[in-house]
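Contents: one structure, followed by commentary.
Side chains included, hydrogens not; waters and symmetry mates left out as well; all remaining heavy atoms used.
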Amino acid sequence: LNEIRSLKMPPEPIHDVLSGVLRLMGNYDASWASMKKFLGGSGVITKILNFEARQISDEVRRDVEKLLKEKSNSFDHQVIY
């Protein structure tokens with residue numbers, strides 16, 4: 001996480017994935033500053049690992065599904081690695 005936070009700007013796939021994660025966590029600010037703040041937050045890994053997917057609202061689910069469709073290449077394992 002520190003390596004990602006140290007970037008001046010992340011590559012598009014990393015930005016897209018983090019945007020999806022933040023949306024699921026209730027944060028719609030897709031700015032790099034907001035993402036770095038999230039990644040630097042206390043217990044971020046635990047929050048992600050303990051995230052309760054059953055609590056996702058229909059609106060958030062639809063929004064993240066839209067992101068996945070529009071930016072599908074960014075969520076391809078080959079692109080991330």
task: Measure the CD1-CD1 distance between Ile4 and Ile14 for me, rounded to the nearest 0.5 Å.
output: 5.0 Å

- prompt: Considering residues, nucleotides and ligands other than Ile45, do more than 12 of their heavy atoms fall under 6.0 Å from its CD1?
  reply: no

query: Distance from Phe38 atom CZ to Lys47 atom NZ, nearest 0.5 Å?
result: 7.5 Å

task: Calculate, to the nearest 0.5 Å, the distance between atoms CG and CD belonging to Asn73 and Glu12 respectively.
output: 8.5 Å

statement: Here the gap from Leu67 atom CG to Ser74 atom OG, rounded to the nearest 0.5 Å, amounts to 8.0 Å

- request: Test salt bridge (charged side-chain N to carboxylate O under 4.0 Å, His left out) on Lys69 and Glu65 and set out the steps.
  value: CA-CA 6 Å; Lys69 287 178 186 172; Glu65 284 177 347; 5.5 Å; no

task: Nearest 0.5 Å please: distance from the CZ atom of Arg23 over to the CG atom of Leu18.
output: 11.5 Å

- request: Answer yes or no: is there a donor N or O on one side and an acceptor on the other, between the side chain of His15 and the main chain of Ser31, under 3.5 Å?
  value: no

statement: Closest heavy-atom pair, Tyr28 versus Val60, reported as atoms and distance to 0.1 Å, is OH-CG2, 3.3 Å

- line: Smallest heavy-atom separation, Asp16 atom then Lys71 atom, equals OD2-CD, 3.4 Å

message: For Thr46, is there any backbone N or O sitting under 3.5 Å from a side-chain donor or acceptor partner on Asn50?
response: yes

message: Using only atom types and a distance under 3.5 Å, with no angle test, would you say the side chain of Ser6 pairs donor to acceptor with the backbone of Glu3?
response: yes

statement: The salt bridge (charged side-chain N to carboxylate O under 4.0 Å, His left out) partners of Glu70 (sequence neighbours excluded) come to Lys66

query: Does Arg5 offer a backbone N or O that forms a donor-acceptor pair with the side chain of Trp32 under 3.5 Å?
result: no

task: Work out which heavy atom in Val44 is nearest to a heavy atom in Leu39; give both atom names and the distance.
output: CG1-O, 3.5 Å

- request: Nearest 0.5 Å please: distance from the CG atom of Asn27 over to the NZ atom of Lys37.
  value: 8.5 Å

